[in-house]
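The chains referred to below are lettered A, B, ... by the order of the sequence lines, with proteins before strands, and numbering in each begins at 1.
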Protein chains: 2
Amino acid sequence: MAIFIKTSNCSVCNLKMNLFRFLDKEQLAYINKTRHEVKFHKGETIFKQGGPLTHIACLTSGNAKVYIESHLNKNTILKILKPSELVGGPGFYVDYRHHFSVSALTESTACFIDVHVFEEMIKINTSFAMEFIKYLNNITIKLYDKLISLTHKQMHGRISDTLLYLSKEIYNSNTFQTMLSRQDLADLSAMTKESAIRILKEFKDEGIIDFSTNIFNILKEDVLVKISKTG
Amino acid sequence: MAIFIKTSNCSVCNLKMNLFRFLDKEQLAYINKTRHEVKFHKGETIFKQGGPLTHIACLTSGNAKVYIESHLNKNTILKILKPSELVGGPGFYVDYRHHFSVSALTESTACFIDVHVFEEMIKINTSFAMEFIKYLNNITIKLYDKLISLTHKQMHGRISDTLLYLSKEIYNSNTFQTMLSRQDLADLSAMTKESAIRILKEFKDEGIIDFSTNIFNILKEDVLVKISKTG
DNA sequence: GTAAAAAAATGATATATATCAAGAATATTA
DNA sequence: TAATATTCTTGATATATATCATTTTTTTAC
């Protein structure tokens with residue numbers, strides 16, 4: 001079960017991209033007063049697709065996956081969240097529902113900000129609003145990349161993209177241990193887990209990567225990049 | 001060649017969703033003074049992916065396609081634009097480049113608004129900014145639907161989605177004449193034109209649709225909806 | 001209106017990918 | 001630590017989809 005805790009070690013989540021740097025002291029204090037932090041266990045749901053969007057969350061520790069569930073019993077993982085990353089969702093100002101689910105991959109904490117408070121900031125602080133639009137557009141650009149990767153490339157290219165994404169953008173290392181299951185890797189790459197496993201094995205046999213269960217090592221990054229480019 | 005013309009029959013494009021209804025008289029007059037209208041011939045490029053994003057456009061007549069070009073010589077059509085529809089792009093506030101191309105499907109006119117003027121409106125008018133965020137989020141929601149359609153469904157489901165999209169959202173009729181080529185229909189459905197042609201023929205043989213060249217008639221919408229749902 | 005070009009359609013075939021079933025490894029619980 | 005459940009792996013096979021070559025139809029240009 002998720003536990004509600006009040007902590008003070010997060011000055012509005014230390015947002016890396018810092019959306020909140022445009023708020024003045026008073027505005028920041030207001031957000032800090034109303035926000036609250038929640039602990040999640042591995043596997044627990046942070047946001048549920050279809051559920052009401054009442055808060056924006058900022059992951060303060062751990063990792064989480066953001067994924068869309070379709071009525072065909074398939075999931076597509078949009079992205080992996082890192083600490084200090086904000087997650088809201090396109091239901092904001094629209095239908096106030098979640099259009100994806102978010103669940104914890106590890107023990108995590110997330111800081112929740114009431115959506116009304118967030119809206120208030122947009123209303124009274126133009127710079128904040130502009131920065132928020134920039135933030136949204138950055139997400140859209142990445143979504144375009146994902147769309148093209150998943151629809152224009154075949155499996156080898158898609159698995160390469162997933163491996164490069166994890167090493168470059170999530171774990172910042174060619175060697176990493178992940179809590180993602182093979183099914184998760186498949187859900188990131190739009191294929192079945194069996195296909196994902198087979199291609200990972202191929203890459204291993206060719207000496208491009210190495211792995212045992214959940215520890216991965218990218219040996220020939222340039223080859224992965226090449227496969228990613230040729231699709 | 002694109003022709004620059006100044007007209008006065010478009011009070012800032014009569015935006016249907018009316019983003020501009022939140023501007024006051026003075027702000028509206030300012031936009032009207034700086035905007036200009038351009039005529040495009042069929043096939044001409046309105047925005048070019050990778051090119052500089054200097055203006056936001058509003059289609060005032062005709063139809064256009066919005067598509068992403070990948071380095072694999074494949075295109076994905078994101079959407080078809082109808083008159084009064086706004087098109088900017090996620091480069092706004094980010095890198096000021098176009099992340100998709102837009103080209104005219106028919107003789108069209110588009111009204112161009114300088115991106116600086118648009119930014120100024122966001123800066124000075126909070127309601128306008130909020131409405132713009134809402135507009136962006138609506139686009140993202142539709143993009144999620146597209147992503148799921150293209151990655152979770154197989155060809156019959158994707159062609160069904162494309163046909164339903166055209167009849168429901170673009171032409172508002174079960175019978176419609178389109179300027180989209182078979183390649184365009186394929187680019188909307190993430191498959192080769194040969195595959196698109198084959199599935200259209202199947203649907204025709206089964207009496208679900210009828211068509212000759214570019215005039216389509218959806219005979220059994222419920223069947224298309226069912227195929228769309230089962231994937 | 002005819003010739004040329006472009007787009008659409010078809011068939012044969014190759015390839016990519018999913019499905020199903022089973023066994024092996026790993027993690028979880030008592 | 002044994003027992004159980006879960007995840008991972010593999011192989012065999014079926015299906016979905018792309019590719020290539022060719023013909024037919026439609027559009028464009030003269």
Side-chain angles (χ1 to χ4, degrees), chain A residues 41-44 65 70 72-76 103 105-107 149-162 177-205 209-216 227 230-231, chain B residues 41-44 65 70 72-77 103 105-107 149-163 177-205 209-216 227 230-231:
Chain A
H41 294 301
K42 186 185 164 185
E44 281 187 330
K65 60 176 176 178
S70 75
L72 295 155
N73 284 339
K74 290 183 185 190
N75 296 334
T76 289
S103 78
L105 287 167
T106 62
E107 295 293 302
S149 169
L150 298 186
T151 57
H152 287 194
K153 297 181 186 179
Q154 42 192 79
M155 296 198 298
H156 292 78
R158 307 205 299 268
I159 286 283
S160 295
D161 282 343
T162 293
Q177 177 162 16
T178 182
M179 291 315 283
L180 292 165
S181 67
R182 296 296 189 268
Q183 183 64 62
D184 287 332
L185 295 177
D187 289 346
L188 270 164
S189 316
M191 65 186 69
T192 61
K193 65 177 182 308
E194 290 95 333
S195 292
I197 286 166
R198 267 183 258 270
I199 288 160
L200 287 173
K201 183 181 151 63
E202 260 185 67
F203 284 0
K204 191 184 192 175
D205 289 346
I209 63 170
D210 193 23
F211 64 88
S212 72
T213 53
N214 61 342
I215 298 174
F216 286 81
I227 294 171
T230 56
Chain B
H41 295 300
K42 185 184 165 185
E44 282 187 330
K65 59 176 174 178
S70 75
L72 295 155
N73 285 339
K74 292 184 183 186
N75 296 335
T76 290
I77 298 180
S103 78
L105 287 166
T106 62
E107 297 292 302
S149 169
L150 298 186
T151 58
H152 288 193
K153 297 181 186 180
Q154 42 193 77
M155 297 197 300
H156 293 77
R158 304 202 306 264
I159 286 283
S160 296
D161 282 343
T162 293
L163 289 170
Q177 177 161 17
T178 181
M179 293 314 285
L180 293 165
S181 67
R182 295 297 189 268
Q183 182 64 62
D184 287 332
L185 295 178
D187 289 346
L188 270 165
S189 317
M191 64 185 69
T192 60
K193 63 177 183 307
E194 291 94 332
S195 291
I197 287 166
R198 267 183 257 271
I199 289 161
L200 287 172
K201 183 181 151 61
E202 260 186 66
F203 284 0
K204 191 184 193 176
D205 290 345
I209 63 169
D210 193 22
F211 64 88
S212 72
T213 57
N214 62 341
I215 298 173
F216 286 80
I227 294 171
T230 57

### Query
Between residues 191-202 of chain B and DNA chain D, which residues have a heavy-atom gap below 4.0 Å?
Met191(B), Thr192(B), Glu194(B), Ser195(B), Arg198(B)
### Message
Testing the basics here: between Glu44(B) and His41(B), what is the closest heavy-atom pair and its distance to 0.1 Å?
### Response
OE1-N, 2.7 Å
### Task
Could you list the residues that satisfy salt bridge (charged side-chain N to carboxylate O under 4.0 Å, His left out) with Lys201(B), not counting sequence neighbours?
Asp205(B)
### Task
With a 4.0 angstrom cut-off to heavy atoms of chain A, pull out the first and last contacting nucleotide of DNA chain D, in 5'-to-3' order.
dC8(D) to dA12(D)
### Task
Figure out the CG/P separation between Asn214(B) and dA6(C), and round it to whole Å.
19 Å
### Query
Who pairs with Thr106(A) by side chain to side chain contact (heavy atoms under 4.5 Å, CB included), at least two apart in sequence or on another chain?
Asn63(A), Ser108(A), Met179(A)
### Task
Can you sort out the partners of Leu72(A) under side chain to side chain contact (heavy atoms under 4.5 Å, CB included), two or more places apart, ordered by chain and number?
Ser70(A), His152(B), Lys153(B)
### Task
Any chance you could lay out the side chain to side chain contact (heavy atoms under 4.5 Å, CB included) test for Phe216(A) and Leu185(A), step after step, and finish with the verdict?
CA-CA 12 Å; Phe216(A) 286 81; Leu185(A) 295 177; 3.8 Å; yes
### Summary
In short, salt bridge (charged side-chain N to carboxylate O under 4.0 Å, His left out) pairs touching residues 181-194 of chain A with sequence neighbours left out are Lys65(A)-Asp184(A)
Side chain to side chain donor-acceptor pair (under 3.5 Å) partners of [X], counting only residues at least two apart:
{"X": "Thr151(A)", "result": "none"}
{"X": "Ser195(B)", "result": "Thr192(B)"}
{"X": "Glu202(B)", "result": "His156(B)"}
{"X": "Ser160(A)", "result": "none"}

### Query
In degrees, rounded to 10°, what is the bend between the two ends of the helix from dG1(C)-dC30(D) to dA22(C)-dT9(D), using five pairs at each?
50°
